[in-house]
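Numbers here are sequence positions counted from 1. First listed ligand is number 1; within each ligand, the first listed atom is number 1. For the numbers below, each heavy atom of this structure counts, side chains included, while hydrogens, waters and symmetry mates do not.
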Amino acid sequence: MRVAYVNGRYLPHHEAAVHIEDRGYQFADGIYEYVAFYNRTLVDGALHLKRLERSLRELEIAMPMSHAAMAMVIRELISRNNKDDGGLYIQITRGVAKRDHGFPKKVSPAVVMTVCGAKLPTDKQVKDGVAVVTQADIRWGRRDIKSISLLPNILAKQKAIEAGAREAWLVDGDIISEGSASNSYIVSKAGQLITHPANEFILGGITREVVLELAKNSGVPVAERAFTMSDVKNAAEAFLTSTSANVLPVTSVNGKPVGNGKVGPVTRKLAQLYLDHIFKITGKKI
Ligand code: PMP
């Protein structure tokens, strides 16, 4: 049976609910994390926890439980769901209070955790790459916070789905900031890996952090700088990263092939290095 954790209780997933005056429901006043696990072991759990705490701090929401308590709940939840491989959502909101924009005085943060099946890309997507389309980036100025306010992201993703694409790349002025639910990269013809710097204009992905480290350690030159559509047109390769997509090749943007339209060697290498990284942590070969 699928089990959810809601404010200290383990409940059947279909019965799990939050109060109608939860500020997450009312105002999207909260944050979340999504962590993959294999063999019941979180992939880069410490990095995700660090980002979760940072998101909370930026919104002045107190961390509702100790690291040890959170680790215990996560272990227990995965075990109760009887799942070896999958994904863990952690969602924390400011709590339940009478509707009023200002922060309520005495309120405890509300914590929900759920477990779902692994959301890996298909073999074909990994082998042949995926299509992306561009959409205007209409989000706010603090995209570095992993906020549950995802309306612009879902609108952009829906447009991508309607266009038959895997992802929407968000364009802010001239600049491609990131995807609707992933970070964006190109590889120049000179072999340099280029991705938007991790500042307030993008969500600093955990996969991004790890992949950039793997790239540097394996001799791939990395430039953390903004890139434009004209850079994409001149690029040799492109890819995206996220906790669920890993390193996923992008072979067309707005219907036009990137480079020769095939998955390139730098992308292949980084995709393999990232899978090796997962294997090292969890013992799972994907
Ligand atoms: N950017 C956005 C907007 C996202 O929603 C995500 C996925 N949550 C990412 C980037 C990738 O982050 P991560 O590698 O931590 O999954």
*Taking all atoms of both residues into account, what is the closest heavy-atom pair of Pro249 and Val126, and its distance?*
CG-O, 3.5 Å

*Can you say whether the rings of Phe201 and His196 are parallel (under 30°), tilted (30 to 60°) or perpendicular (over 60°)?*
perpendicular

_Test item, Ser180 contacting ligand 1 (heavy atom, 4.0 angstrom)_ = yes

_Parallel, tilted or perpendicular: which one describes the rings of Tyr89 and Tyr34, with boundaries at 30° and 60°?_
tilted

*Backbone, side chain, both or neither: what part of Ser244 comes under 4.0 angstrom of ligand 1, heavy atoms only?*
neither

*Using a 4.0 Å heavy-atom threshold (strictly under), name the region of Arg143 that reaches ligand 1: side chain, backbone, both or neither.*
neither

*Glu15 (side chain) donor-acceptor with Pro12 (main chain) under 3.5 angstrom*: no

*Should Thr241 be counted as touching ligand 1, given the test is an N or O pair under 3.5 Å?*
no

*asked:* If we ignore hydrogens and angles and just use 3.5 Å, is the side chain of Glu178 paired with the main-chain N or O of Leu170 as donor and acceptor?
replied: no

*Of the non-hydrogen atoms in Val263 and Lys127, which two are nearest, and what is the gap between them?*
CG2-O, 3.2 Å

_Using a 4.0 Å cut-off to any heavy atom of Ile206, which atoms of ligand 1 qualify?_
13 (P), 14 (O), 15 (O)

_I need the nearest protein heavy-atom contact for atom 12 (O) of ligand 1: residue, atom name and distance, please._
Gly205 CA, 3.3 Å

_Among all the protein's non-hydrogen atoms, which is closest to atom 7 (C) of ligand 1, and how far away is it?_
Ala181 O, 3.4 Å

*asked:* Keeping Asn39 on the side-chain end and Thr41 on the backbone end, is there a donor-acceptor pair under 3.5 Å?
replied: no

*Considering only protein heavy atoms, which is closest to atom 8 (N) of ligand 1, and at what distance to one decimal place?*
Lys146 NZ, 2.4 Å

_For atom 2 (C) of ligand 1, what's the nearest protein heavy-atom neighbour? Residue, atom name and distance, please._
Glu178 OE1, 3.5 Å

*atom 14 (O) of ligand 1: nearest protein contact (heavy atom, Å)*: Thr207 OG1, 2.6 Å

*In terms of residue, atom name and distance, what is the protein heavy atom nearest to atom 13 (P) of ligand 1?*
Thr243 OG1, 3.4 Å

*With distance as the sole test, does Thr251 use its side chain to make a donor-acceptor pair with the main-chain N or O of Asp128 at under 3.5 Å?*
yes

*Can Glu209 be said to touch ligand 1, with heavy atoms closer than 4.0 Å?*
no

*Output the list of atoms in ligand 1 that are nearer than 4.0 Å to some heavy atom of Asn183, sorted by atom number.*
10 (C), 11 (C)

*Charged N to carboxylate O below 4.0 Å: is that the case for Arg57 and Glu53?*
no

*In terms of atom number and element, which parts of ligand 1 are under 4.0 angstrom from non-hydrogen atoms of Asn153?*
3 (C)

